[in-house]
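On a predicted model such as this, the values are computed, not experimentally measured, just so you know.
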Amino acid sequence: MEITLSETRKINIEDILTLYKANEWSSANKPNELYNGLLNSETLITAWEGKKLVGLGNAISDGFLTVYYPHLLVLPDYQGKGIGKLIVDKMQEKYSHFHMQMLTADGKSVDFYKKNGFERAGKTEPMWIYQGNEH
């Protein structure tokens, strides 16, 4: 399996929806908003096996101090093969010097993020107004 990373914005919406539906993310129910949100992220890293989109991660940032990583997804059949780590490492090339790198990790992904240098943010509690239902 040869995985290549790209920062291309030339991704078709069908490939994105396949990835999001396979992971049961509710944002797949808002395809236009999802597509435009990803394409308008400061950074969008995609992972490919040939012409097949197998993973992606995005970052929203002020460009200097703070970065937020809203999405990191890998097709279920490709999980556990180091693809998520490749995407995180690529993000770290750009953002490791930032004062604050933030994300929200659900129970299934907490250990993954801990292995990649993230930790619980002190005594803070994650809070949101959320229109999804998968958490």
Side-chain angles (χ1 to χ4, degrees):
M1 173 178 70
E2 184 176 335
I3 301 298
T4 57
L5 297 183
S6 175
E7 291 191 47
T8 184
R9 303 293 169 128
K10 295 180 181 177
I11 311 166
N12 71 53
I13 194 168
E14 293 80 17
D15 289 341
I16 291 170
L17 291 175
T18 297
L19 178 62
Y20 278 74
K21 287 178 182 177
N23 283 284
E24 299 180 352
W25 279 39
S26 60
S27 50
N29 298 325
K30 297 182 176 188
N32 291 326
E33 291 87 347
L34 171 61
Y35 186 70
N36 288 316
L38 290 172
L39 294 186
N40 284 288
S41 298
E42 180 177 90
T43 302
L44 178 63
I45 306 293
T46 50
W48 303 84
E49 182 180 44
K51 293 185 178 185
K52 182 177 185 178
L53 178 65
V54 298
L56 70 73
N58 71 324
I60 300 169
S61 175
D62 60 18
F64 297 94
L65 192 65
T66 304
V67 61
Y68 176 67
Y69 305 113
H71 296 182
L72 176 61
L73 296 90
V74 174
L75 284 174
D77 290 345
Y78 289 78
Q79 292 175 6
K81 300 179 187 302
I83 297 167
K85 179 164 179 37
L86 289 172
I87 295 170
V88 169
D89 288 349
K90 191 70 172 171
M91 291 291 189
Q92 287 301 294
E93 288 177 18
K94 185 170 185 177
Y95 297 110
S96 65
H97 67 284
F98 275 45
H99 181 69
M100 184 174 9
Q101 298 179 62
M102 302 171 55
L103 56 82
T104 301
D106 69 13
K108 298 181 290 185
S109 62
V110 169
D111 288 340
F112 168 80
Y113 286 113
K114 283 183 179 180
K115 288 179 195 173
N116 284 280
F118 289 85
E119 60 186 40
R120 182 172 164 81
K123 296 179 182 179
T124 65
E125 291 291 331
M127 302 176 81
W128 61 12
I129 295 173
Y130 182 59
Q131 295 180 9
N133 61 8
E134 72 267 17
H135 295 280

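Met91 and Val110 are assigned to two separate hydrophobic clusters, defined by single-linkage of ILVMFWY side chains at heavy-atom distances under 4.5 Å. If you chain together hydrophobic residues whose side chains sit under 4.5 Å apart, Ile60 and Ile11 never meet in one group. Cluster annotation: Met102 is not connected to Leu73 through the hydrophobic network of ILVMFWY side chains, with a link wherever side-chain heavy atoms come within less than 4.5 Å.
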Please step through side chain to side chain donor-acceptor pair (under 3.5 Å) for the pair Ser26 and Tyr20, ending with a clear verdict. CA-CA 8 Å; Ser26 60; Tyr20 278 74; over 6 Å; no
Between Glu42 and Tyr68, is the side chain to side chain donor-acceptor pair (under 3.5 Å) condition met? List the steps. CA-CA 10 Å; Glu42 180 177 90; Tyr68 176 67; over 6 Å; no
Kindly indicate, with the supporting measurements, whether the criterion side-chain contact (heavy atoms from CB on, under 4.5 Å) is fulfilled by Phe112 and Val88. CA-CA 10 Å; Phe112 168 80; Val88 169; 3.9 Å; yes
Would you check, one step at a time, whether the test side-chain contact (heavy atoms from CB on, under 4.5 Å) holds for Ile16 with Tyr35? CA-CA 8 Å; Ile16 291 170; Tyr35 186 70; 3.6 Å; yes
Carefully, step by step, assess Leu65 and Met100 under the rule side-chain contact (heavy atoms from CB on, under 4.5 Å). CA-CA 6 Å; Leu65 192 65; Met100 184 174 9; over 6 Å; no
Worked verdict on Leu72 versus Tyr113 for side-chain contact (heavy atoms from CB on, under 4.5 Å): CA-CA 11 Å; Leu72 176 61; Tyr113 286 113; 3.4 Å; yes
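Contact record, Leu5 with Leu86: CD1-O, 3.5 Å, taken as the closest heavy-atom pair. Looking at every heavy atom in both residues, Ala59 comes nearest to Pro70 through CA-CD, 4.2 Å. The two residues Ile87 and Ala47 come nearest to each other via the heavy atoms CD1-CB, 4.2 Å. Counting all heavy atoms, side chain and backbone alike, Ile13 lies closest to Pro31 at CD1-O, 3.5 Å.
Neither side chain, Asn29 nor Gln131, offers a donor N or O lying under 3.5 Å from an acceptor on the other. No side-chain N or O of Tyr69 forms a donor-acceptor pair with one of Thr104 less than 3.5 Å apart.
Heavy-atom neighbours of His99 NE2 from other residues, nucleotides or ligands within 6.0 Å: at or below the threshold of 12. By the 6.0 Å contact criterion, NZ on Lys94 is enclosed, its count of non-hydrogen atoms from other residues, nucleotides or ligands being greater than 12. A 6.0 Å sphere centred on CE of Met127 holds no more than 12 heavy atoms belonging to other residues, nucleotides or ligands.
Identified under the side chain to side chain donor-acceptor pair (under 3.5 Å) test for residues 2-13, with sequence neighbours left out: Asn12-Asp15. Listed by first and then second residue, the salt bridge (Lys or Arg N to Asp or Glu O under 4.0 Å) pairs that reach into residues 59-85 are Lys85-Asp89, sequence neighbours excluded.
Within the 3.5 Å criterion, the main-chain N or O of Asp106 finds a donor-acceptor partner in the side chain of Ser109. Although no hydrogens or angles enter the test, the distance criterion places a donor-acceptor pair under 3.5 Å between the side chain of Thr18 and the main chain of Glu14.
Side chains of Asn23 and Pro76 form a contact here, defined as non-hydrogen atoms less than 4.5 Å apart.
How far CG of Asn116 is from CG of Asp111: 11.0 Å, rounded to the nearest 0.5 Å. The distance from atom CD1 of Ile3 to atom CD1 of Ile83, rounded to the nearest 0.5 Å, is 4.0 Å. Residue Leu38 holds its CG atom at 6.0 Å from CG of Leu44, rounded to the nearest 0.5 Å. We find the CD-CZ distance between Gln92 and Phe98 to be 11.0 Å, quoted to the nearest 0.5 Å.
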All N/O donor-acceptor pairs, side-chain side in residues 49-58, below 3.5 Å, sequence neighbours left out:
| unit_1 | atom_1 | unit_2 | atom_2 | d |
| --- | --- | --- | --- | --- |
| Glu49 | OE1 | Tyr78 | OH | 2.4 |
| Asn58 | OD1 | His71 | N | 3.0 |
| Asn58 | ND2 | Ser41 | OG | 2.8 |

